[in-house]
Amino acid sequence: MKKDKEIINRFSKLSKSQKIEKITNYFDDKKEIKNQLQSFWHKDLNIQKLFDDFSENTISNFFLPYSVAPNLLINQQIYHIPMVIEESSVVAAAGNSAKFWSTRGGFHTRIISTTKEGQVHFIWKGDGDKLRQHMPAIKKRLIKNSEFITANMQKRGGGIMDIELIDFTNQIDDYYQLKATFETVDSMGANFINSCLEEFANELGFYIEANTDFSESEKGVHIIMSILSNYTPNCAVECYVECDISEFETIDNRLTAEEFVWKFEKAVQIAKVDVYRATTHNKGIFNGIDAVALATGNDFRAIEACGHAYACRNGKYESLTDIKIENGKFRYSLVIPMAMGTIGGLTSLHPLAKRSLELLDNPNAEKLMEIAAAAGLANNFGAIRTLITKGIQWGHMKMHLSNILNSFDATEDEKRQVLEHFKTEKVSFNSASTVIKELRN
Ligand code: MEV
């Protein structure tokens with residue numbers, strides 16, 4: 001029954017059991033939901049405490065499948081890719097593509113660049129040319145006075161690469177940015193970048209305050225905010241697959257190799273020109289990338305946001321992949337920016353994220369970007385291959401069949417009989433429920 005919700009004051013200050021008490025009050029089956037929440041707690045209390053501490057107001061854990069897409073050949077090395085995802089066909093699609101490409105040279109990857117940006121956004125009423133003239137001195141001071149933050153990162157080969165002044169006064173009165181470029185090596189770098197930026201903001205104010213070149217009316221710098229940008233077009237990776245067109249001769253018994261390649265090319269061209277298709281096309285890429293990001297404790301929201309912004313870099317949203325058919329060769333590629341980390345954050349705290357990285361031979365951030373890009377391209381290739389041949393519902397519904405069976409609480413024997421039936425039949429929710437009902441009758 002729907003129960004009206006009241007404001008819960010100081011919820012975060014309540015103990016875990018008090019929080020559970022408050023929330024389960026909204027349910028009719030209070031005792032049952034309480035047991036259910038507790039049944040998902042980890043039996044090792046130390047591990048549960050770790051999970052509780054990842055977030056605020058934690059009352060239980062939310063399970064997702066942890067799967068492995070085997071045999072992805074990347075730069076001539078085999079990887080078994082850990083993937084965390086709920087969508088039933090994603091891991092199967094990655095696995096199928098991995099198998100297909102494993103005998104055709106595999107996935108080729110290369111890092112294009114690895115720097116990231118952050119900005120101090122500020123309002124300043126003054127002579128822009130004068131500020132520009134002072135930038136070399138300001139930059140020097142900002143870098144020098146942030147050394148207490150950057151020392152360790154510098155030892156690891158990273159740090160602040162540049163700081164520039166961006167004049168936005170033609171769009172918002174008196175609005176400028178300090179736009180800084182960072183190398184964060186194997187960490188995603190959010191904390192490092194944000195700490196540096198907040199320091200820059202303070203130092204900028206001090207510099208202008210103390211410098212006699214600036215008049216009294218120019219002294220006040222209004223810092224609006226200091227924050228990294230999740231748009232990281234200069235932290236990007238390329239991944240491609242390539243083979244002779246004749247390699248597609250046996251990919252599907254409905255199409256010749258030439259027909260397959262022709263349809264594939266059209267599918268990619270459509271995703272270049274139509275935003276509705278491009279969004280779904282790119283979603284298929286992120287099926288693979290997000291699953292690897294989650295399995296390795298990376299921030300998949302940052303990676304998604306960046307990828308979609310990058311897909312608009314030419315003025316309209318389009319496919320992130322490109323195709324080239326030339327001289328009897330098929331080349332299919334993905335260029336994608338992503339801020340991945342293999343140290344810091346959840347990567348070493350989450351016990352399974354740590355294990356995922358171990359399974360991938362403890363890659364550095366660059367290698368993990370390459371692996372995730374290959375998983376993304378594998379998933380997208382698998383999706384297009386299915387779409388232009390047997391259609392998506394064929395495989396999707398087959399994979400979904402076990403969810404449907406579980407929703408009917410099917411016994412093992414019922415499952416076996418239903419699976420047998422659908423070996424040759426098209427699956428739909430209705431057809432599956434009819435077969436179960438017939439069996440039960
Ligand atoms: C489903 O999760 C992903 C696809 O829709 C991607 C695509 O259409 O390219 C199959």
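These numbers were taken from a predicted model, which means no experiment stands behind them. FYI, the numbering just counts along the sequence from 1. In listed order, ligands and their atoms are each counted from 1.
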Selection residues 38-47 - residue pairs positive for side chain to side chain donor-acceptor pair (under 3.5 Å), sequence neighbours left out
none

Correct closest heavy-atom pair for Asp299 and Ala302 would be OD1-N, 3.0 Å

Can you give me a line-by-line list of nitrogen or oxygen pairs between ligand 1 and the protein shorter than 3.5 Å?
| unit_1 | atom_1 | unit_2 | atom_2 | d |
| --- | --- | --- | --- | --- |
| ligand 1 | 2 (O) | Glu87 | OE1 | 3.1 |
| ligand 1 | 2 (O) | Glu87 | OE2 | 2.5 |
| ligand 1 | 2 (O) | Lys283 | NZ | 2.6 |
| ligand 1 | 2 (O) | Asn287 | ND2 | 2.9 |
| ligand 1 | 8 (O) | Arg277 | NH1 | 2.9 |
| ligand 1 | 8 (O) | Arg277 | NH2 | 3.4 |
| ligand 1 | 9 (O) | Arg277 | NH2 | 2.7 |

Please determine if Arg104 forms a cation-pi arrangement with Phe100, meaning its NZ or CZ atom is less than 6.0 Å from the six-membered ring centre and no more than 45° off the ring axis.
yes

Cation-pi check, Lys22 onto Phe11 ring (under 6.0 Å, within 45° of axis)
no

With a 4.0 Å cut-off, would you call Lys283 and Glu87 a salt bridge?
yes

Do the ring planes of His350 and Phe54 sit parallel (below 30°), tilted (30 to 60°) or perpendicular (above 60°)?
parallel

